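Structure first, commentary second.
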Amino acid sequence: MRVSVIGCGHLGIPHAAAMAELGHEVVGVDVDRHKVDRLNAGECPIYEAALPELLARHTAGGRLRFTTDIREAARFAELHFIGVGTPIDADGRSYDTGQVYGAVRQLAPHLDRPCTIVGKSTVTVGTTVRVTALVQRLAPAATGVEVVWNPEFLREGHAVEDTLRPDRIIAGLTTAGAEKAIRAVYAPILDTGVPIFITDPPTAELAKGAANTFLGLKISYINAVSDMCEAAGGDVSRIVDILGIDPRIGSGGMRPGIGYGGGCLPKDVRAFTASARRLGADRAAALLRAAEEINETRTDVALDLVTRANGGRTVKNLKVTVWGAAFKPGTNDVRESPALALAQALRQNGAIVSVHDPRAVPTAVVRNPELDYTDDLPASVNGADLVVLATEWPEYLQADPRELLSRPARALLVDCRTALDPAPWRTAGWTVHQLGRPGR
């Protein structure tokens, strides 16, 4: 098929490259000329595993190209994916869908033949109906343009893998023609046995928020249990093992730490909570809000752990190295990063803070220029009084504690992700403190 992908960011770039990998002819559209030029040269402006290789191969081969001209996409494609951003609105509780409607308003007047618009962006319930009405009013093809909502379930750092080999595909639609188009564009994936859920649009719109909110609930739940372990002297890692063996629960995504972040989970939990309130589901809203409140306090919990590791003394003038700037490993995305929030809080409390990250230093410098950064791991601990593990990159989990031992002033490690095996570090002479594992 000939497809367009409108919006080339963390969602659109991997999706465009993956569609080309599936055999489609693809044009990506973005308003940023510099980004478009880089993409056409096969250069990847974001960090995602396997993405640079796909971009280089398919731009060189001619199956994938990028443009700033949405009219070119309208003339070229028979199916248009909308992958623009939907950041949190000014109210802090709902999605700002301005870019979605802006993209549709620019595209629709050039649609003079039947085609399908497929929304990928995360939106509020009712968006598909409103977008359909707008498109069919503005497009010369009128009712020949059909709209589907097809939410993405990508994990940053695994976006290419999750697009090419998803665990499910969801399509909210109302016509047989729209279903035919979705089955055609995803045929290479569906042929491998991946299940597809054909639903009404409201179900599809709610599905993404429901999935991410459940993940947020799971993280907040185990963080609450971690706090109980801190108070009781229990070991939260053993509790995760005990709970995780139950097939109704599972241990996936249930690691205690400093909370969830990124461009999706925080805003999706907020917006889903707001949707529950608007729908009159007040008890559901109260449950979801409680999960948010737990997540919002994780920086304070981590600060308390650092203070205890420092013998209960203030962190003022303490030389602290924070390992991690990205909100999770495998990405250079620092939006709502718990690691940067902790680094900033340490700085505001008087600590002398330096941040290391193997991939996200360039993006972190833009978002938090007041912090000091390095991309040299051994140098990052030189003279540090205390090292804080804030993002569980493999580079940290696989580091040799003996090689780093002579560099810190005090060889004190605070694991705020409960990610390290502390035994080799302690054997090498480090003092290790972990959330939910006091005194271990």
Side-chain angles (χ1 to χ4, degrees), residues 7-14 32 34-35 38 43-49 51-52 83-88 92 96 122 152 154-160 162 212 215-216 219 253 255 257-270 292 295-296 298-300 302-303 306 320-348 351 353-377 380 387-397 414-417 419:
C8 295
H10 284 275
L11 166 60
I13 298 173
D32 186 334
H34 177 64
K35 183 194 291 185
R38 287 186 64 191
E43 299 176 13
C44 189
I46 62 173
Y47 176 71
E48 276 287 344
L51 184 54
V84 297
T86 51
I88 209 70
D96 178 353
T122 308
E152 51 84 16
L154 308 183
R155 300 166 297 161
E156 285 196 41
H158 305 272
V160 171
D162 290 348
N212 272 0
L215 294 175
I219 294 167
R255 174 179 288 159
I258 52 175
Y260 55 80
C264 291
L265 232 60
K267 73 170 183 175
D268 288 351
V269 176
R270 291 176 196 136
E292 284 189 276
N295 196 62
E296 290 163 0
R298 298 315 292 172
T299 298
D300 293 335
L303 274 174
V306 171
V320 179
T321 292
V322 175
W323 279 349
F327 83 93
K328 61 176 282 188
T331 179
N332 64 349
D333 193 348
V334 297
R335 290 175 292 176
E336 298 209 36
S337 166
L340 284 182
L342 177 55
Q344 179 72 302
L346 287 163
R347 179 179 176 274
Q348 290 172 348
V353 180
S354 178
V355 179
H356 174 274
D357 192 282
R359 294 286 182 176
V361 167
T363 48
V365 168
V366 173
R367 190 164 289 260
N368 287 88
E370 70 282 357
L371 296 170
D372 292 328
Y373 297 91
T374 178
D375 54 10
D376 184 321
L377 179 57
S380 73
V387 178
V388 177
L389 176 61
T391 307
E392 61 275 32
W393 283 95
E395 285 84 344
Y396 307 138
L397 306 187
V414 179
D415 178 7
C416 290
R417 288 290 187 179

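Computed from a predicted structure; not experimentally measured.
- Side-chain contact check for Ile46 versus Pro14: some heavy-atom pair is nearer than 4.5 Å.
- Every residue two or more places apart in sequence or in another chain was checked for a salt bridge (charged side-chain N to carboxylate O under 4.0 Å, His left out) with Glu395, and none qualifies.
- Take Ile88 and apply the side-chain contact (heavy atoms from CB on, under 4.5 Å) test, not counting sequence neighbours, and it matches Lys267, Arg270.
- Checked by atom type and distance alone, the side chain of Thr321 never pairs as donor or acceptor with a backbone atom of Val387 at under 3.5 Å.
- Separation of atoms CG (Leu265) and CG (Asn295) is listed at 8.0 Å; rounding is to 0.5 Å.
- When all heavy atoms of Ala325 and Ser337 are compared, the closest pair comes out as O-OG, 2.6 Å.
- Under the 4.5 Å side-chain criterion, counting only non-hydrogen atoms from C-beta, Pro362 is not in contact with Asn332.
- Put simply, the side chain of Val361 does not reach to within 4.5 Å of the side chain of Thr374, judged on heavy atoms.
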> Hey, mind stepping through Arg417 and Ile258 against side chain to side chain contact (heavy atoms under 4.5 Å, CB included) and telling me if it holds?
Replying inline: CA-CA 6 Å; Arg417 288 290 187 179; Ile258 52 175; 3.8 Å; yes
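- Between Glu292 and Tyr260, the shortest heavy-atom contact is CA-OH, 4.1 Å.
- Looking at Arg298 and Pro338, their side chains never come closer than 4.5 Å, going by heavy atoms from C-beta outward.
- Residues Val322 and Ala343 share a closest heavy-atom pair of CG2-CB, 4.1 Å.
- Ring geometry for His356 versus Tyr396: interplanar angle over 60°, hence perpendicular rather than tilted (30 to 60°).
- Side-chain contact between Val388 and Val306 is present, with at least one heavy-atom pair separated by less than 4.5 Å.
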